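One structure is given below, encoded as structure tokens.
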Number of protein chains: 2
Amino acid sequence: MCNSLGESMLDNLRGMAVFASVVGHGSFSGSARELGITTSAVSQQIRSLENELGVVLLHRSTRKLSLTEAGESFYEAAKDVVSAAEQGRIRVNQLRDELAGSLRIATTPELGVHHILPALSTWMAAHDDLSINYLADNHYVDMIDERIDIAVRMSPSIDDHALSSYPLTDVRQLLVASPQYLRQHPKIESPKDLSEHNLICIELTKDPAILELTQTETGKKTRIKMQSRMHTNNVFMATTLAKEGHGLIRVMEMDVRKELESGALVEVLTGYKLPSFVLYAVTLSREQQPAKIVRCLEVLKKYFQTN
Amino acid sequence: MCNSLGESMLDNLRGMAVFASVVGHGSFSGSARELGITTSAVSQQIRSLENELGVVLLHRSTRKLSLTEAGESFYEAAKDVVSAAEQGRIRVNQLRDELAGSLRIATTPELGVHHILPALSTWMAAHDDLSINYLADNHYVDMIDERIDIAVRMSPSIDDHALSSYPLTDVRQLLVASPQYLRQHPKIESPKDLSEHNLICIELTKDPAILELTQTETGKKTRIKMQSRMHTNNVFMATTLAKEGHGLIRVMEMDVRKELESGALVEVLTGYKLPSFVLYAVTLSREQQPAKIVRCLEVLKKYFQTN
DNA sequence: AAGCATTACGGCGTACGTAATGATT
DNA sequence: AATCATTACGTACGCCGTAATGCTT
């Protein structure tokens, strides 16, 4: 490839920084000390710069330096280059190291309200330089387009291998119903009893009515398809329906913790378990993340470890 | 030499320019085309920059680029770097190519009034963007300290070999006197007759009263020391004294042209000549001079060639 | 004599191009 | 199929350090 002459801005920049340092110091050797290079290197840079610009920038008389008119003018620009570069570095370091700027977190409304907000609330409060932006949507969002720093998602939807994911916690699924419902319907003592019951479907998986039950003691697995006449894509609605005694729901443990404690809902088939989900935090890249992202992931991880 | 990490401003600058171009274009390949390098080079620059900064600047999804928060901030700085560099180059090119800015010319008051001003007056008038600064002093001036672009000096004081000099013209020295003086004093027909005359010394050379006369026809040289009771460092004063009949003066032809034409002074010993001076224009460096300096030298040269 | 700038020379690093790969439309 | 980004790899130029030289105080 023949680069006839002058690649415009690409070249020179190094020389400009050296030049700015030289003028600022008033000497080649002083500049060299500042830059951590030899006076030889400085001299060569200046010479090369002058050759490229086709003009003498400073007259040297061994003991004194004196800017030419062009040099004086160019010095202003060189100073600007250096200061802009420094500003950029400073700003980037801030954004990388300090808990400041913005942090964009995507999740579903349910996960957000019940888990993410509680997990981060004290941390958020402790860092008021940080502006946190929650994008709570049920539909898929493009992390790049929406500039999401952290998405919290359920397994196993990690098909995008460009993303890196951090497992936060196993999320057990439970089969629950209201005590009222259970009193009014046939007892459930083994998986096959389920066929006489209604399932209120939360459409998280493709075949929501098919249950894969594993006997806790023996590990024996059973697949069973329940009848289901009510469907919703919303956990709140499903739990409400269940509390009102309309049927069983397969639901994540975290989403019904309060109801289980209060007795508004109770688990059925306690000797069996449904396949767990894994709750993942997902980021766009694993390496070289700003501190706020790393810290937020840590906070999330710790929160789910202790709950 | 161990450069542990990060040489502050010296590095990165290239990468910053590339980064600015990439963001400005919205693509690596577009930037590559603009910069005249391959996308490979662009990719490597960005990667290297990100590694050095320790932060991801932009997320790439093959078809789309998206700045991270740090990237967005850094982009501002990168733009500033590039635009400062461009401004510098533009300004320097102006000062190099256009007849604008300032031009500092040093000479003696006599040379200035009689020769430099006439030589440059029309040229000056034709370029009103050019501000010309005449430093007319009899004492020595440091060209670097005073930021002189062009000095006009007499030979042979070119002892400073760091300077480059352009011969403008030979300046003949003449021995002249007023007609009145010549009528009232002994005839001068050969060099030895001079011993009976007075020389009004203009102190340009070290031994102003010693004349080296060369016979025009034969080339035979004669050295003679004249008496001298009047001294001055000023040509005007000397010519005035001569016109008033106080003695002979050894003077440059250019300085007494008018008087010779009007007959106020006449040359003596026309068959002999004094050693010529050479009038030099002197600059600080020979290469890579701004256009205005080169042009000014040309104007001076042409002026003296045609006079 | 000491400090400074310039130059030549040589070595090391790195910035680049080529080519192959994978991703996206 | 076409365009785009990334990566590995080899090369060549560029940057820099060493050392010698010259200049200034």
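Owing to the predicted nature of the structure, the values given are computational and were not obtained by experimental measurement. Convention: sequence-line order gives letters A, B, ...; per-chain numbering from 1.
Between B:D11 atom CG and C:dG13 atom P the separation is 14 Å, expressed in whole Å. Spacing between atom CD1 of B:I37 and atom P of C:dG17 amounts to 6 Å, rounded to whole angstrom units. The distance between atom CZ of B:F28 and atom P of C:dG22, rounded to the nearest whole Å, is 20 Å. The CG-P distance, from A:L65 to C:dC4, rounds to 11 Å in whole Å. B:D145 places its CG atom 14 Å from the C1' atom of D:dT24, with the value rounded to the nearest Å. Put simply, CG on A:N51 is 12 Å from P on D:dC15, counting in whole angstrom units. The distance between atom CG of B:L35 and atom P of C:dA15, rounded to the nearest whole Å, is 15 Å. Between B:L49 atom CG and C:dC16 atom P there is a gap of 13 Å when expressed in whole angstrom units.
The side chain of B:Q45 approaches C:dA15 more closely than any other nucleotide in the set C:dA15, D:dC16, C:dG17.
Residue B:R14 places no side-chain N or O under 4.0 Å from the OP1 or OP2 atom of C:dA15. The phosphate of C:dC16 (OP1 or OP2) has no side-chain N or O of B:T38 nearer than 4.0 angstrom.
Salt-bridge formation is not detected for the pair B:E287/A:R47: no Lys NZ or Arg NE/NH1/NH2 atom is positioned less than 4.0 Å from an Asp or Glu carboxylate oxygen.
Using cut-offs of 30° and 60° on the angle between ring planes, the pair A:Y75 and A:F19 is perpendicular.
A cation-pi arrangement is found for A:R286 relative to A:Y166, the charged atom lying closer than 6.0 Å to the ring centre and inside a 45° cone about the ring normal.
A:L49 and A:M16 make their closest contact through CD2-N, 4.2 Å (heavy atoms, listed as atom of the first residue, atom of the second, distance).
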Return the polar atom pairs (N/O with N/O) between nucleotides 7-14 of chain D and the protein under 3.5 Å, or none.
unit_1	atom_1	unit_2	atom_2	d
D:dT7	OP1	B:R47	NH2	3.4
D:dT7	OP2	B:R47	NE	2.8
D:dT7	OP2	B:R47	NH2	2.5
D:dT7	O4	B:S40	OG	3.2

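Remark: A:I148 CD1 to A:M143 CE distance equals 6.5 Å, nearest 0.5 Å.
Within the 4.0 angstrom heavy-atom criterion, only backbone atoms of the sugar-phosphate kind lie near B:S27; the bases stay farther away.
At least one donor-acceptor pair under 3.5 Å links the side chain of B:K292 to the backbone N or O of B:S102.
The salt bridge (charged side-chain N to carboxylate O under 4.0 Å, His left out) contacts involving residues 141-151 of chain B comprise A:K64-B:D145, A:E72-B:R147, where partners must be two or more places apart or lie in separate chains.
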